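Keep in mind that what you see is a predicted model, and the values were worked out from it rather than measured. We name chains A, B, ... by the order of the sequence lines, and we start the count at 1 in each one.
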Amino acid sequence: GENVEQHPSTLSVQEGDSAVIKCTYSDSASNYFPWYKQELGKRPQLIIDIRSNVGEKKDQRIAVTLNKTAKHFSLHITETQPEDSAVYFCAASIGYGQNFVFGPGTRLSVLP
Amino acid sequence: NAGVTQTPKFQVLKTGQSMTLQCAQDMNHEYMSWYRQDPGMGLRLIHYSVGAGITDQGEVPNGYNVSRSTTEDFPLRLLSAAPSQTSVYFCASSRRGGPNEKLFFGSGTQLSVL
């Protein structure tokens, strides 16, 4: 079955710097890759996603890149702000429709 | 729209007790699912449903039962609670369009089994 690895597990950056989180997946049939942000005690919320026929997608300070050949995708956050501090999860679609395997998460801390 | 509503928010059980975690959505979503979240392990799929009367197992189904009698509700039953089921449980729903339909999560249920 699908396996999703995520690195690093924790990441600390200075406010204004960039942050990069990387994920790899094992099943070449996966074709949709969402990223979720989870603040402490809250529910996961979708922040950006990418389909397998697209190499890069950007939404303001957030971008995601996908390398299908290498089976890895990355989240890039530029000009980080304290409110970006949270746990970020990558995920890969499996089987039918809306089922996913999630990575273990990255705890991002943005230091003022 | 309330979105996805989960109850209770917190629950403490003793080993061997049974209980039902409730999940309801008011967005007329066909797809609903249950995930559990454990530290350092992300979210793992327990059971899912693609419509009323249809359920299937996910990655970690043992010890849990589900049913889907209506489009709106998707309860998760713990038959005989075990300490290994201590976790945060999230219900989620989406339209049954394709793999890139947005998944909406409930606010979670924190369950402790003593």
Please identify, among B:Gly108, B:Pro39, B:Ala92, B:Gly106, the residue contributing the most non-hydrogen atom pairs under 4.5 Å to chain A. B:Gly106
Are B:Met19 and B:Leu76 connected into the same hydrophobic cluster when the rule is that any two of I, L, V, M, F, W, Y join if their side-chain heavy atoms are below 4.5 Å apart? yes
Which bit of A:Tyr36 comes within less than 4.5 Å of chain B, counting heavy atoms only: side chain, backbone, both or neither? side chain
Structural part of B:Val4 lying under 4.5 Å from a heavy atom of chain A: backbone
Please determine whether residues A:Leu108 and A:Val4 belong to a single hydrophobic cluster, defined as Ile, Leu, Val, Met, Phe, Trp and Tyr linked transitively by side-chain heavy-atom distances below 4.5 Å. yes
Under 4.5 Å from any heavy atom of chain A, what part of B:Gln37 do you find: side chain, backbone, both or neither? side chain
Would you mind checking which part of B:Ser107 comes under 4.5 Å of any heavy atom in chain A, side chain (CB onward), backbone (N, CA, C, O), both or neither? both
So, do B:Tyr35 and A:Phe100 have ring centers that fall under 6.0 Å from each other? no
Taking C-beta and beyond as the side chain, do B:Glu59 and A:Phe102 meet within less than 4.5 Å on heavy atoms? no
Under 4.5 Å from any heavy atom of chain A, what part of B:Leu45 do you find: side chain, backbone, both or neither? side chain
Does CD belonging to A:Glu79 count more than 12 external heavy atoms closer than 6.0 Å? no
Please determine whether the number of non-hydrogen atoms from other residues, nucleotides or ligands lying under 6.0 Å from atom CZ of A:Arg107 exceeds 12. no
Trace of the side-chain contact (heavy atoms from CB on, under 4.5 Å) decision for B:Phe105 with A:Gln45: CA-CA 7 Å; B:Phe105 284 92; A:Gln45 295 201 311; over 6 Å; no
Using the rule given for side-chain contact (heavy atoms from CB on, under 4.5 Å), can you reason through B:Tyr31 versus A:Asn99, listing the C-alpha separation, both sets of side-chain angles and the distance that settles it, and then say yes or no? CA-CA 10 Å; B:Tyr31 174 87; A:Asn99 289 345; 2.3 Å; yes
If you group Ile, Leu, Val, Met, Phe, Trp and Tyr by side-chain heavy-atom gaps below 4.5 Å, do B:Tyr89 and A:Leu40 land in one group? no
Are B:Val113 and B:Val60 co-members of a hydrophobic cluster defined by side-chain heavy atoms under 4.5 Å apart? yes
Indicate yes or no: at least one non-hydrogen side-chain atom of A:Pro104 is less than 4.5 angstrom from one of B:Met41. no
Looking at A:Glu83, I want to see if its CD is surrounded by more than 12 non-hydrogen atoms of other residues, nucleotides or ligands under 6.0 Å. yes
Do B:Phe104 and A:Phe89 share a hydrophobic cluster, counting only Ile, Leu, Val, Met, Phe, Trp and Tyr and linking them when any side-chain heavy atoms are less than 4.5 Å apart? no
A:Pro44 versus chain B, the contacting section by heavy-atom distance below 4.5 Å: both
